[in-house]
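Working notes, structure below.
All heavy atoms count here, side chains included; hydrogens, waters and symmetry mates do not.
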Amino acid sequence: MKICPLMIAICLSGAGASAQQAASLPGDTTLPSSKEELAALAASETRTYKYAVPDYFSRPKQSAFKLSPDGKYFSYREKDAAGKRHVYVKNVVTGEVKKILEEGKELIRDYGWVNNTRLIYIQDEGGNENYHLFAVDLNGSNNLPLTPFDKVRVEIVKVLKDQPDYMIIQMNKDNPEIFEPYKINIKTGALEKLFENKDAANPISGYDFDKDGNLRAYTKQQGGTNYVLYYRESAAAPFKKIKETTWKDTFTIIDFDYTSGNQHLAYVLSNLNSNTAEIQLYDLKNNKPVKTLFNNKTYDSEGLVTSRKRNYEVDYYSYMGERSEIVPVSDTFKKLYAKFKKQFGDYDFGVVSKTDAEDKYLLYVTSDRLYGKYYSYDAATDKFTMLLDLMPNLKESDMAEMRPVKFTSRDGLTVYGYLTIPKEAKDGKKVPLIVNPHGGPYGPRDQWGFNPETQLFASRGYATLQVNYRGSGGYGKEFSLAGSRQIGRNMLNDLEDGVAYVKTLGLIDDSKIAIYGGSYGGLATLGSLVKTPDLYVCGVDYVGVSNLFTFYKSFPPYWKPFLAQVYEQWYNPESEEDKKIMEQVSPALNIIKITKPLFVVQGANDPRVNINESDQIVKSLRSRGFDVPYMVKYNEGHGFGHEDNRIELYKCMIGFFARHLK
């Protein structure tokens, strides 16, 4: 298990708080811009376009469709006039629809079926990411908080299909820094702790349960930077150490193999003997690979899907290349895949859910220009039915192309990314460019597909470059490790080299280049304005880190066990050499070098990037006489989940770009 401390998110700010509220609100409440100031910023975009900001960032009227395991119902979320997204269940035979969950002040972050009669959902408080688990019957009754514990984060480990009233979760209930597994009854909330995570100095970071809910293996941290896999041959046998790796390696149990008589076989994702992660059939008892099932020389494998109905045979492997890729394996799925491919052609498609009998499938179809459509497929009748076009108002023919690109960095590394090209550029006009580094930085990557941000930018005549800079996930171990200790250095060089590449295409106006990013992307935005102030005309920092020293000190407790890994992968403040680098690459400590306009956005309850990171930048720049618009939302965390906040954010962002790119 690896940590990716900065995942990308979306944030917004509004009016400053009243004096009465200020004492209880996070951050310096005198800093956020007023509603009037933000409205004036949004009004800087004076042109009228075919599509307004809400067309891209309003939630679909209906979304999140899912089939019940028996196929008798499907559930979905439907938005009301206030933007609240409630959960409904529809009887497939009778057509009867019932609202089973009402979304209130707190957002329903996700939901799903556990069995044929009960669904689960998760919520936190104001974006603090202390997720709680709830369950409700399909008729809306017995709505029960399953984990009503204060300052506790719940994570789902495994749904037990053969024990429909139970699932396995993990919580940091007894120690905020470490997680322990529990079996929970989704009807009553009764809990049974399954294993104790006793060694807080070297805690267990991951648990591997089989389909029957037996703990077969676990991964234990060692010294904060190494990972030790322990396996036991039976429930009565002791756990034995079978593999030790470092954070630089991948060796992860995906699932256990139930197709043979050998209970010690498992499917693992490993790069111990290869550059890219490959899927292996592995003998855990004898601690050796049996065979490599799938690999790709350029891209990491991601996982596999099996068929419970057909004794868990492998249906397909998956990986993320230039686009999402599915590699059919079983004869049954090969036939299904051929039908899907014939039906949907060059669109991306994926199975959202299927019945236990595997006679009905729910499919999601999308592309770089199609927001998304839901289809059902009835295997018995061989019939496809379109259930919903999520955003029919966004016509494919009006949307922009997202083109996969690659270039060579100044030190010889092949770097991949995506370029979204507005119509004006294809018509021969030189257009402004927005560089949009993703969050992470280690592990996540940008992907091909419909992106409301880049489509909005394209509709306003801006091209968008998304660079999967070194350290991004999915491109193998060597590419990942090339990003170690390169925050503020070669990672930013990759962005600059990407801009240089795009300039050679003859599409952009070299004098109108902006940079915008969230989370680590916010740090990259600030760092770029410090490092290459002449390259960019402005920047937008969205929930971004500004000071590595204060960022480390504000880690949520469950990140603390990974601190030693962060010190190796990022920088170590206890090393004099690293301390000097941290000072050089922390934008808040080099504020004098920022000379271009900046818009800052923050969620007040952000547990990953504390509001102090944004406050520092705003306060320092304003002390130098800079006009820095600052949006803070006090009901958000690491990324804006509320529809009204998202829309306001992008109206202001588009206004900010209109001021400086047009």
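- You'll find the side chain of I513 reaches within 4.5 Å of the side chain of V435, heavy atoms only.
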(message) Pair T245, N226 - check side chain to side chain contact (heavy atoms under 4.5 Å, CB included), show working.
(response) CA-CA 6 Å; T245 61; N226 285 17; over 6 Å; no
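- Side chains of V600 and V628 form a contact here, defined as non-hydrogen atoms less than 4.5 Å apart.
- The shortest non-hydrogen separation linking S301 to L269 is O-CD1, 3.5 Å.
- Between K512 and H660 the shortest side-chain heavy-atom distance does not fall below 4.5 Å.
- A salt bridge is absent between K579 and E574; no separation between the charged side-chain nitrogens and carboxylate oxygens falls under 4.0 Å.
- For the atom pair CD of E180 and CD of Q170, the computed distance is 10.0 Å after rounding to the nearest 0.5 Å.
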(message) With salt bridge (charged side-chain N to carboxylate O under 4.0 Å, His left out) as the criterion, how do K477 and D249 come out once you've worked through the C-alpha distance, each side chain's angles and the decisive distance to 0.1 Å?
(response) CA-CA 7 Å; K477 186 192 304 186; D249 304 310; 3.5 Å; yes
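- The closest donor-acceptor contact from the side chain of S270 to the backbone of L272 lies under 3.5 Å.
- Between the side chain of S614 and the backbone N or O of I611, no donor-acceptor pair lies under 3.5 Å.
- Not one N or O on the side chain of E583 forms a donor-acceptor pair closer than 3.5 Å with the backbone of L589.
- Distance alone, capped at 3.5 Å, places no donor-acceptor pair between the R659 side chain and the G655 backbone.
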(message) Under the criterion salt bridge (charged side-chain N to carboxylate O under 4.0 Å, His left out), I'd like the reasoning laid out for R470 against D411: C-alpha separation, chi angles, the key distance, then a yes or no.
(response) CA-CA 11 Å; R470 67 192 68 204; D411 58 348; 2.8 Å; yes
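- Q221 and N202 share no donor-acceptor pair across their side chains, judged by distance under 3.5 Å alone.
- Under the 6.0 Å cut-off for aromatic ring centres, Y218 and Y207 do not qualify, their centroids lying 6.0 Å or more apart.
- A distance of 6.0 Å or more separates the ring centres of Y520 and H438.
- Judged purely by atom type and a 3.5 angstrom limit, N128 has no side-chain atom pairing as donor or acceptor with the backbone of N605.
- Under the 3.5 Å distance criterion, the side-chain polar atoms of Q602 are matched with a main-chain donor or acceptor of V609.
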(message) Show, in sequence, the C-alpha distance, side-chain angles and deciding distance for I617 and L526, and conclude whether the side chain to side chain contact (heavy atoms under 4.5 Å, CB included) test is met.
(response) CA-CA 9 Å; I617 287 291; L526 296 172; 4.0 Å; yes
(request) Let me see the working for K241 and E244 under salt bridge (charged side-chain N to carboxylate O under 4.0 Å, His left out), right down to the final yes or no. (result) CA-CA 8 Å; K241 172 181 173 180; E244 182 167 0; 2.8 Å; yes
(request) Please lay out, stage by stage, how Y319 and D300 fare under the test side chain to side chain contact (heavy atoms under 4.5 Å, CB included). (result) CA-CA 6 Å; Y319 70 96; D300 290 322; over 6 Å; no
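- Taking the centre of each ring, Y317 and F294 come in below the 6.0 Å mark.
- At least one donor-acceptor pair under 3.5 Å links the side chain of D578 to the backbone N or O of N572.
- Between the side chain of T219 and the backbone N or O of L229, no donor-acceptor pair lies under 3.5 Å.
- For I204 against N197, the heavy-atom pair with the smallest separation is N-OD1, 2.8 Å.
- Here NZ of K503 is found 4.5 Å from CG of D510. Values are rounded to the nearest 0.5 Å.
- Taken to the nearest 0.5 Å, the OG atom of S554 stands 8.0 Å off from the CH2 atom of W559.
- Checking side-chain atoms of R232 against main-chain N and O of L215 turns up a donor-acceptor pair under 3.5 Å.
- One finds the OH atom of Y571 at 11.5 Å from the CZ atom of F549 (value rounded to the nearest 0.5 Å).
- In this structure, the side chains of L535 and S528 stay at 4.5 Å or more apart for every pair of heavy atoms.
- Using modelled atom types, one finds no donor on one side chain facing an acceptor on the other under 3.5 Å when comparing Y418 with R403.
- Shortest non-hydrogen contact noted between Y299 and T276 is O-CB, 3.6 Å.
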(request) Start with the C-alpha distance between Q565 and Y227, add both sets of side-chain angles, then the distance that settles side chain to side chain donor-acceptor pair (under 3.5 Å), and finish with yes or no. (result) CA-CA 11 Å; Q565 176 183 322; Y227 293 85; 2.6 Å; yes
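- Between the side chains of N468 and Y475, at least one donor N or O lies within less than 3.5 Å of an accepting N or O.
- Contact annotation: the side chain of I515 approaches that of P437 to within less than 4.5 Å [non-hydrogen atoms, C-beta and beyond].
- The shortest heavy-atom contact between G439 and Y469 is O-OH, 3.5 Å.
- Taking the side chain as every heavy atom from C-beta outward, S472 and Y442 never approach each other to under 4.5 Å.
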(message) Applying side chain to side chain donor-acceptor pair (under 3.5 Å) to D446 and N451, what does each step give before you reach the verdict?
(response) CA-CA 10 Å; D446 281 315; N451 185 318; 5.6 Å; no
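- With salt bridges taken as basic N to acidic carboxylate O contacts below 4.0 Å, none links R216 and D208.
- The CD atom of E322 lies 12.5 Å from the CE atom of M402; values are rounded to the nearest 0.5 Å.
- Judged by the 6.0 Å and 45° rule, K173 forms a cation-pi pair with F149.
- With hydrogens and angles ignored, the 3.5 Å screen pairs a side-chain donor or acceptor of N172 with a backbone N or O of R153.
- Evaluated for a side chain to side chain donor-acceptor pair (under 3.5 Å) with R608, the options E613, E129, H638 yield exactly one hit, E129.
- N287 and Y231 share no donor-acceptor pair across their side chains, judged by distance under 3.5 Å alone.
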(request) Starting from the C-alpha separation in whole Å, work towards a yes-or-no answer on side chain to side chain contact (heavy atoms under 4.5 Å, CB included) for D615 and Y630. (result) CA-CA 9 Å; D615 280 1; Y630 185 27; 2.6 Å; yes
(request) Apply salt bridge (charged side-chain N to carboxylate O under 4.0 Å, His left out) to the pair D199 and K220, showing each step before the final yes or no. (result) CA-CA 9 Å; D199 186 359; K220 187 178 176 66; 3.6 Å; yes
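- The closest side-chain heavy-atom distance from F551 to W570 is below 4.5 Å.
- Separation of the F251 and Y282 ring centroids falls under the 6.0 Å cut-off.
- The closest side-chain donor-acceptor pair between N612 and N547, if any, does not fall under 3.5 angstrom.
- Around NZ of K596, the count of heavy atoms belonging to other residues, nucleotides or ligands within 6.0 Å exceeds 12.
- In this structure, V566 and F555 have side chains that are in contact, with non-hydrogen atoms separated by less than 4.5 Å.
- Minimum heavy-atom separation, T420 to A458: CG2-CB, 4.3 Å.
- Ionic pairing of K248 and E568 is not present here: no N-O contact between side-chain nitrogen and carboxylate oxygen is shorter than 4.0 angstrom.
- Distance check: S546 OG to Q616 CD gives 4.0 Å after rounding to the nearest 0.5 Å.
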